[in-house]
Amino acid sequence: MIEEKIEQKQETEAQQAPRPKTVFSGVQPSGKLTLGNYLGAMGNWVALQEENRCIFSVVDLHSITVRQEPAALRRQTLEVLAQYIACGIDPEKSLLFIQSHVSAHAELSWVLNCYTMFGELSRMTQFKDKSKTHADNVNAGLFTYPVLMASDILLYQTDFVPVGQDQKQHVEIARDIAERFNGIYGNVFTVPEPRIAGTGARIMSLADPTKKMSKSDKNQNAFVLLMDKPEDIMRKFKRAVTDSGSEVRRGEGKHGVNNLIAIYSAAAGCTPEAAEERFAGKGYGDFKKAVGEAVVEVLRPVREKTEDLLNNKDYLEKVYTQGAENASRIARRTLEKVYKKVGFIKKPF
Ligand code: TRP
């Protein structure tokens with residue numbers, strides 16, 4: 001009797017339980033990941049997978065908007081996949097796949113190109129920036145990059161897109177495209193929302209803390225890579241630029257110290273206030289050493305796990321094969337709906 005009741009209760013609760021939200025994000029395999037990627041993005045995604053349907057992609061199609069060396073691209077694609085897992089993303093809980101394995105991304109992208117205006121793409125700040133930094137190769141893919149990204153997001157009926165501040169504009173154009181398409185054809189796409197990460201969202205360069213930490217920086221000491229060895233990490237923090245003054249305390253215009261405190265608190269898992277208290281009366285030298293040590297400790301397991309995984313290619317292949325199958329199944333449903341709505345004849349096979 002009591003068992004029956006419990007079962008009944010469980011059933012109604014299951015019916016009432018809100019639909020889990022779909023989360024989608026992607027990382028380009030166009031180089032090495034930095035501490036900024038980890039603290040600002042991937043590290044935060046781990047917590048999301050408990051309550052949501054999470055889908056994470058290695059977006060290799062995006063990478064070729066900038067010229068890549070084929071062998072390096074292949075290596076980096078597996079490295080990013082391994083790093084996702086090493087950061088704590090569990091392939092049993094989340095869907096992990098390589099973008100080029102799911103052809104629906106390229107297919108939806110073509111359709112959505114026809115629902116995106118030249119003018120709105122011209123306003124994208126990343127396009128404007130990249131046209132400057134890659135002035136010799138301002139290709140059409142670079143221009144339509146946001147449409148491919150919108151396709152990534154919309155294919156999975158995504159609710160939330162966790163990204164860094166620099167990608168917010170791209171999520172907004174994905175919303176605009178979804179709303180425009182829905183306006184013409186009815187509710188085809190879920191309209192996604194950006195989720196900008198809190199702490200560590202913007203990790204700045206160690207050499208010039210007014211600029212974002214970037215792996216393409218010419219100065220090797222400006223960034224910390226996820227795969228850097230402890231001695232390299234320590235050296236980079238030792239050389240990190242601080243400000244005039246000597247107190248370990250945040251303040252307006254104190255870009256160097258502000259950045260190091262942000263990094264320390266994210267790495268050591270404390271508030272910036274607690275970090276300031278811990279270093280009251282200490283000099284910059286001690287502080288920078290402590291930041292380096294905290295970073296070494298958070299990155300150590302990630303680096304070791306990544307190395308293990310890269311030595312186990314069979315496992316990685318299993319993960320991305322399964323991921324491609326599952327992602328294709330979900331993506332195809334949306335693509336078929338879109339094809340039908342725009343007036344294409346149903347594919348006979
Ligand atoms: N443009 C993103 C970046 O460079 C990567 C990306 C591609 C992405 N497709 C996406 C991020 C979809 C979130 C959702 O960081």
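Order of appearance sets the numbers: ligands from 1, and atoms from 1 within every ligand. Residue numbers run from 1 in the order of the sequence given.
Listed by atom number, the atoms of ligand 1 under 4.0 Å from Val161 heavy atoms are 13 (C), 14 (C). For ligand 1, the atoms sitting less than 4.0 Å from at least one non-hydrogen atom of Gln167 are 1 (N), 2 (C), 3 (C), 4 (O), 15 (O), numbered in the order shown with element in parentheses. Here is the list of ligand 1 atoms found below 4.0 Å of a heavy atom in Val163: 11 (C), 13 (C).
Proximity of Leu148 to ligand 1, defined as any heavy-atom pair under 4.0 Å, is not found for any part of the residue.
The neighbour count for Ile64 CD1, taken as heavy atoms of other residues, nucleotides or ligands under 6.0 Å away, does not exceed 12.
Closest protein heavy atom to atom 9 (N) of ligand 1: Asp152 OD2, 2.7 Å. Atom 5 (C) of ligand 1 has Gly26 O, 3.6 Å as its closest protein atom, hydrogens excluded (heavy atom only).
Checking side-chain atoms of Arg250 against main-chain N and O of Asn258 turns up no donor-acceptor pair under 3.5 Å.
In this comparison of Met149, Gln28, His170, the heavy atom closest to atom 6 (C) of ligand 1 sits on Met149. Nearest-heavy-atom check against atom 4 (O) of ligand 1 across Phe24, Phe56, Tyr145 picks out Tyr145.
Ring geometry for Phe24 versus His105: interplanar angle of 30 to 60°, hence tilted.
Asp152 has its side chain out of reach of Ser57: every pair of non-hydrogen atoms, C-beta onward, lies at least 4.5 Å apart.
For the residue pair Asn37/Thr34, the side-chain donor-acceptor check at 3.5 Å is satisfied.
Residue Asp228 is tested with Lys236, Lys215, Arg235 for a salt bridge (Lys or Arg N to Asp or Glu O under 4.0 Å); the sole match is Lys236.
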